[in-house]
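What you see below is based on every heavy atom in this structure, not just the backbone, and it leaves out hydrogens, waters and symmetry mates.
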Amino acid sequence: MDEIRVIEILLVEDNPRDAELMIRALKKRNLANNLIHVEDGSEALDFLFNRGKYQERKNSSVPKVVLLDLKLPKVDGLEVLREMRENESTRKIPVVVVTSSSEDPDIKRAYELGANSYVVKPVEFEAFTEVMSNLGLYWLLVNHPPI
Amino acid sequence: MKTNQKVIIKRNSGETQKKGGNQKTTPRLSTIKRQQFEEALRESEDKFKYVFDYSAEGKSIALPSGEVQVNKAFCEMLGYSVEEVQNKKWRDFTHPDDIELTQREIDAVLSGEKEAARFTKRYLHKNGSIVWVDVITSARRDKQGKPLYLMTSLTDSTRQKHAELLMARQAALLDLAHDAIFVRNMQSKIVFWNRGAERTYGWTKAEASNQVKHILLHTVFPDSLEAVDEALRVEGEWEGELTHTRRDGVQIVVDSRQVLQRDEQGQSIGILEINRDVTERKQAEQEIQELNAKLEERVIQRTAQLESANKELEAFAYSVSHDLRAPLRAITGYANILLEDYEPSLDAEGKRVCGVISSEAKRMGKLIDDLLTFSRLSRTEKRDSQIDMQAMMQSVFHELTTPESRARIDLQVGELPAAIGDPGLMRQVWVNLLSNALKFSSKREQAVIEVGSTQGRDETIYSVRDNGVGFDMQYAGKLFGVFQRLHSEREFEGTGVGLAIVQRVILRHGGRVWGEGYANHGAVFYFALPREEEPNG
């Protein structure tokens with residue numbers, strides 16, 4: 001792992017297929033160079049707070065956006081969101097909830113906890129690619145981070 | 001009678017004058033004393049005679065021999081003159097049926113068994129009619145205690161007796177009634193008791209007669225005995241529920257109606273009471289109440305079960321939409337990776353196969369979405385409001401069409417009355433019916449879609465007609481089933497959920513839905529919604 005590189009996107013996604021497709025979509029727009037992918041909420045928190053295997057991380061700069069799945073092993077997405085919003089260092093990081101379903105009962109809760117956006121992953125490949133690349137473009141290039 | 005009166009008065013005044021005259025002469029002292037004593041005695045006798053003669057009550061003095069001396073009131077009572085009564089015995093005036101009773105009472109007094117006898121007996125009027133008389137008789141005795149004569153007071157109670165008898169006679173008719181009907185006099189003593197009362201309470205007429213009603217029946221009053229009496233006195237009647245105890249000790253509840261009876265003079269003479277045993281009805285009511293309570297409890301339980309089932313369904317729906325979609329995304333995604341990254345190694349057939357994989361996965365995604373929409377229809381709460389059906393239909397139509405497509409569609413709109421329903425759900429009805437009409441008429445050069453309504457008996461029937469491919473009526477039964485399709489995917493794409501959604505929504509609104517098809521000549525779909533009646537309609 002390149003310890004000095006600046007991470008722009010933290011992708012928290014337990015489904016490796018979805019993760020691969022998302023990363024592929026972002027790559028097409030050249031947006032995935034500074035992306036780190038973790039597969040559960042616990043690892044996401046370790047990364048954000050420089051704990052566990054990330055405690056040696058020299059550069060503690062914050063990502064420009066966190067793409068967060070809600071259904072995650074160990075620590076679920078809502079818990080990750082709650083801890084992020086409770087900590088000064090991570091409070092302002094934009095979080096985009098990326099989920100499989102518009103039926104997700106946790107969407108309302110996610111907004112209450114301070115999610116910045118909510119996106120349903122389309123089944124269709126073209127639509128999926130489109131949504132992902134728009135997401136990356138917006139949060140990395142259009143949006144101005146609060147810091 | 002007047003003559004007699006005059007005579008006596010004249011005689012009295014004459015004697016008084018005579019008395020005065022005597023006093024003016026002054027004979028010997030002893031003679032004077034004796035004269036004075038005799039005078040006083042005569043005066044006392046006079047006074048007694050006056051009281052006896054002019055008493056409003058009938059009076060008689062009867063010698064042990066049976067001869068009687070009676071007063072004017074007595075004579076008047078029986079319609080005789082004083083002279084006619086002279087030398088007659090009491091038996092001569094007494095109703096034959098009451099001679100024995102009278103003799104018994106007289107004997108009791110003469111023997112000293114009773115100080116005085118009080119009883120009611122019948123006399124015979126001179127005209128032959130019966131005169132009811134309340135009698136009080138007592139004996140006057142000498143120093144040895146031997147009875148000298150009987151002194152009797154008599155009060156005419158014929159009127160009261162007749163009233164009582166009349167009431168009893170009327171009441172006897174009431175034996176035919178099923179209800180317990182009885183009459184109690186003003187002392188609350190039972191004077192009439194019908195068969196219904198015998199059946200209801202278990203005491204015979206003879207047993208109940210003359211008993212104090214509230215004691216006999218252990219009446220439990222809603223308020224108090226006084227409250228009932230007061231109502232009877234003021235209103236003349238009382239109605240309510242009473243608890244009585246039967247002869248066998250069983251408590252019963254009766255619906256009681258009590259009416260105060262008055263004679264012509266307005267005197268209260270008795271109370272007619274009509275009681276119906278409602279114990280069984282009461283028990284039934286009690287049971288119904290208990291059953292209702294149980295039912296309510298079961299409804300609450302079932303509701304809770306239903307709610308938990310609903311929650312499970314929601315969780316299931318979420319898991320379906322979340323977990324089934326993920327692999328589909330992978331299938332379409334990886335098929336596309338194949339197409340993008342390995343294009344050179346794929347021939348035309350290879351590319352077509354990848355395309356099929358993708359489009360089938362896409363179709364399954366659509367099926368999942370439609371199924372979720374369908375299941376959401378039942379899960380979501382229905383919120384009714386007034387719906388402008390005209391506006392809703394137009395808005396849906398414009399959403400489903402483009403300006404270009406509208407150019408070849410002839411939309412004919414009739415009257416569409418407002419409806420009461422859930423706007424979100426009702427919109428689904430229009431979306432599905434209109435999109436079906438558009439879809440199945442899409443191959444016509446000029447599509448004609450007619451939307452309108454008619455009024456049924458108590459419902460408004462809306463209809464959507466198209467000139468599309470229609471359907472064969474023999475399959476009409478399959479129209480509204482989930483995933484039921486009457487056309488191949490190649491002809492018209494679709495998941496077969498649309499009409500199932502329509503039906504579910506209309507059923508939730510208490511309406512009905514049906515379709516008519518003519519193969520190649522279009523189809524009509526109807527949905528009827530119950531009409532909200534005018535408040536006074």
Between B/R325 and A/V120, does the side-chain contact (heavy atoms from CB on, under 4.5 Å) criterion hold? Intermediate values first, please. CA-CA 11 Å; B/R325 283 158 62 104; A/V120 177; 3.6 Å; yes
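- Enclosure of atom NZ in B/K382 by more than 12 non-hydrogen atoms of other residues, nucleotides or ligands within 6.0 angstrom is indicated.
- Heavy-atom distances place both the backbone and the side chain of B/A330 under 4.5 Å from chain A.
- Within a 6.0 Å sphere centred on CZ of B/F316, other residues, nucleotides and ligands contribute 12 heavy atoms or fewer.
- More than 12 heavy atoms of other residues, nucleotides or ligands sit less than 6.0 Å from atom NZ of B/K439.
- Crowding of A/K74 atom NZ: a count of heavy atoms from other residues, nucleotides or ligands under 6.0 Å not exceeding 12.
- Of all heavy-atom pairs spanning A/L21 and B/R329, the tightest one is CD1-O, 3.6 Å.
- Distance check: B/D341 CG to A/R24 CZ gives 4.0 Å after rounding to the nearest 0.5 Å.
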Got a list of side-chain donor-acceptor pairs under 3.5 Å for residues 123-130 of chain A, not counting sequence neighbours?
residue: A/T129; atom: OG1; partner: A/F125; partner atom: O; Å: 2.8

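- With a threshold of 4.5 angstrom between heavy atoms, B/I337 approaches chain A through its backbone and through its side chain.
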